[in-house]
Structures are given as structure tokens and as C-alpha cells.
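The structure appears below as C-alpha cells.
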Amino acid sequence: MERLTPDDGIFRDEDALRDHFPDRILERDDKLAEYQSRFKEVVRNKRPRNVFVYGPTGVGKTIGTKAVFQNLERSIEAFDYEASRFDEPSLRTVHLECKDLNTSYQVAAHLLNRLRSATNRDRVSTTGYPEGEIYRMLFEELRQVDTSHVLIALDEIDNIGGDDNILYKLPRCNNDNSAAYVDPAATKVGVVGITNDGTFRESLDPRAKSTLCDQEIHFPPYDAVELETIVEDRAAVAFHDDVLSQDVVPLTAALAAQRSGYARTALDLLYEAADNARSADDARVTENHVKTAEESIQQGAIVEEIRGLSTHGTLVAYAMLRLSEGEELPAKIDKIYAWYKQFAEQVDVDPVTSRTIHNTLNDLMVNGTVTSEEVNKGRSGGRHYEYELGCRAEILLDGLEGDSRIGPVDGRL
DNA sequence: CTTCCACAGGAAAAGCCGGGGT
DNA sequence: ACCCCGGCTTTTCCTGTGGAAG
């Protein structure tokens, strides 16, 4: 076996494509300006409003929040309050990841510890207290914080299962009719809720919703032009000079924008393409590398999707595969359904109705596993779809391989 | 221009869990 | 142990659709 060496003609620092760049956020100036403006009360030493931030992963919600908080602190530092009619606020910010905190209780306990860590006072155990006691300690701590303002960002709040207690109590603790009242004269509290689950807001308890979602900021996916700037920026660090062909970055950005609009998608794609180029000992990364990488990523997605399919979905996929082998595609749904039904009976599964299979086929079309074409033969045939395999049969086979559910199937109509 | 094919896909009802509460 | 509720899937029902045939 050949020895590995650290020499690399392509990458200067591939980590630039894999890690976050915490210090840099591009193409979000307008969004961040809008975001920051929601906190203008803070620099005026007034009560902050609560903000609800939503948008898919990897579009800058988390670093954007950190940047906004940081800039608020700087804004306060830079402003000459002595010469103004405003009192100078002081700001404490906490960014809490709720990813592994599954209950309101856990969130409250971790929040309490984060607040205490600055003053190095005793941390509390994150288990064992009565729930009410944890809240009592938390709000007591908030009252005693030595800054005029506390801004709390709860990241990935959709992970807080169970009850919405903390999401109800915390955002309204400055309201004097709140059970857990924190006098704004002592501490003004603002809560930022961050989530990538678009439906989360609707699932909130209406009381929590109205206070937490007082102000909303939506982070949309990046478009191709924005992605190009981001990829360009990272590529300058990640690669040696002149390694990327002219159109590699624009193509990467365009494909990623089409697929998801996430920065992560674009960077992964470029990494994959460049890694392939390196493995093939090519001196430069070309558009072809990008295209090949995109294709293999999409095929991987199809294989993954098929592996994750329900029993019925698997049987439909299998039916499509067999129809394709028999050169019977494209086929109408009736035919696919007939095959599906036969296989289902063979493996002793109750077949679902054709309406459901109709939906299943639509699901398979999202990833391009199958495609369809509208056919209209008027009075002699009507209007319907003809379904065709959207990927090579081997890919389907790959996804179905080893699936015990279709092991015993051996049908032919 | 009207009719009519044959299915697409929306809407609502029905069925089916899983998790709490009692 | 039992039941009830909410959320999700499946079934049932039915209207809408575009172009060829008449």
C-alpha cells in the first residue's frame, strides 16, 4: 500500500469547507440589520421585546444571533451616554443550545447555571429539584443579575419536548401580571427563540406563542448569487491558488441553490468534487468533478430514501424495478398498483388502496426516484400520468438490496 | 361546440397508534 | 388496567381537468 503524505496539490486547508466560520457572515447584511433593529429598545435602556427566529439550518440563524448580540454590546460601548438623555444600559447575553435539553426543566437548570457561571457561584444539579424550585431559583437569579438587561437566545427550541412551560414563563417574566415576576427595574429580560422547524410556531401553546413570537425574523435559504459569494470566500482559504477552474464555484452555487439553498450543501458539494479530483490525481478541480459529485450525492440520497421507505413504499419501488426490467415502463398507475398488490400478497402484507400508492409515488418523485409525464388521450384514454424510473435501475437495486421484507418476493404477472 | 374518457388530487371521514391521566 | 385524546395515516368520496372524438 502506498504511503500517505501530507502533501496536497489541491487543498491548502480543507477544514475551511467543513467548519463554521464563526467570525464571518456573508450576504446577510440586510437581514442582520433588520434583526438588530428589533433590539433598539436595549440601547435606549428600555425593556427588550422577544424575538422568534426561524429558517432552515445553515442560513446563519445561530451565528447571526451571536453577531447581533455582540454588535449590541459594542453599540452600547461606543455610544456616549454621558452626553445623552439616556441612562447607560449594561448587557448580559446567553446563548443556550437546547439540542440535548428535552424538557423545560433541563432548559431552566442549564440557563440558571449559565447565569451563575459568570459570578462563579454554585452551580445547581440539573436533576433532582422539584420543578417549581428550579424556576424559582432561575427567576431569583435573573432579578439579581448585575446588568440592567439579559438577552437569552434559546437555540433549537423545537427540541424542548413535553411542555412549553419555560417558553411561556421566561418571555413574559417582566410582565407584572406574571406569576414569576421579574421587576424590569432590576433586570430587563429579552428572549430569542430560534428554530428550523417551520411548523413549530403553530404547535406552541397559544399563550407562549403570543409573547415569544412578538417579533419574527425569517431567515430564507440563500439564492445562487449569495451562495456564490459564500463559496468563493471559503474556497480562497481552502484551495491553493488557481486550482479551481473558472466555472466551478458558480456551478456549485447553482446546484446547491437548486437542491436546498443551504451553505452547508454548497460547501459539501465542493468538498466532494475537490476530494474526487485529488483522489484521481487531477491537478485542477473542473466542472465535471462538480457534476459527478452532485450526481453521486443525489444518488446517495435516493438510496437513503429507499432504505427508509415504509413497507408499502419498498414494494412500490420494487414493483417499479421489476417493471423496468421487463421494459414495461413507462406505466400507468393501474399497472404499477397491480404489481405492487401482487408482491404485497406474496409477502403477506395487506395492500393499501391505490389512492395511497398514488401518494407514495408522489413522494418518490420528490427526490427524483421516479418521474412522471402527463398524457392526455382525450376521449379515448383520458388524462393521466405515466410513471418512469428517474434513476438508473442499479441505484434502486442498491437501495433495496438486503431488504428482508422483499426477500421472499418472486413475482411475475 | 359539446361530450366524454379516466384518472388526479382535494377534502373529510374512518382507522390506528402512542402517550398520559385516572 | 383502562380509557381518552391528539396526531398521523389510510380510505372513501367526489369534483376537476384537457384534449380528442363526435
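The model shown is predicted, which means the values in this text are computed figures rather than measured ones. Here is how names work: the chains are called A, B, and so on, in the same order as the sequence lines, proteins then strands, and each is numbered from 1.
Note: CD1 (A/I333) to C1' (B/dG9) measures 11 Å, nearest angstrom. Here C/dT9 presents its C1' atom at 12 Å from CZ of A/R355, a figure rounded to the nearest Å. Straight-line distance from the NZ atom of A/K377 to the P atom of C/dA20: 11 Å, rounded to whole Å. Whole-Å rounding puts the A/D350 CG to C/dT9 P distance at 19 Å. Taking atom CD of residue A/E374 and atom C1' of nucleotide C/dG19, one finds them 10 Å apart after rounding to whole Å. Protein atom CD1 of A/I357 is 15 Å distant from nucleotide atom C1' of B/dG9, rounded to whole Å. To the nearest angstrom, P of B/dG9 lies 15 Å from NZ of A/K332. Rounded to whole Å, the distance from OH on A/Y337 to C1' on C/dT11 is 11 Å.
Looking at A/R379, its side chain has no donor and acceptor atom pair within 3.5 Å of the base of C/dA20.
Residue A/N362 places at least one side-chain N or O under 4.0 Å from the OP1 or OP2 atom of B/dG9. Phosphate proximity of C/dT11 to A/T356: present, with a side-chain N or O under 4.0 Å from OP1 or OP2. A sub-4.0 Å separation between OP1 or OP2 of B/dG9 and a side-chain N or O of A/Y385 is present. Contact between the side-chain N/O atoms of A/H384 and the OP1/OP2 oxygens of B/dA6 is not found at any separation under 4.0 Å.
Cation-pi contact between A/K169 and A/F139: absent, since separation from the ring centre below 6.0 Å together with deviation from the ring axis within 45° is not met.
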inquiry  = The test is ring pair (Phe, Tyr, Trp, His ring centres under 6.0 Å); show your working for A/F239 and A/F11 and say whether it passes.
reply    = CA-CA 4 Å; A/F239 296 101; A/F11 286 113; 5.1 Å; yes
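Between A/Y340 and A/F343, the ring centre distance reaches or exceeds 6.0 Å.
Taken from NE2 in A/H289 to OG in A/S279, the straight-line distance is 9.0 Å, to the nearest 0.5 Å. Put simply, CG on A/L111 and CD on A/E141 are 10.0 Å apart, with the number rounded to the nearest 0.5 Å.
Here C/dG18 is the nucleotide among C/dG18, B/dG9, B/dC5 with the atom lying nearest to any side-chain atom of A/N376. With C/dT12, B/dA8, B/dC7 as the choices, the nucleotide that has an atom nearest any side-chain atom of A/T353 turns out to be C/dT12. Here the side chain of A/S380 is nearest to one of B/dG9, B/dA8, C/dA20, namely C/dA20.
Mapped onto DNA chain B by nearest heavy atom, A/G382 and A/Y387 fall at different nucleotides, with A/G382 at the one closer to the 5' end. Positionally, the nearest nucleotide of DNA chain C for A/R383 lies more toward the 5' end than for the other of A/G378 and A/R383.
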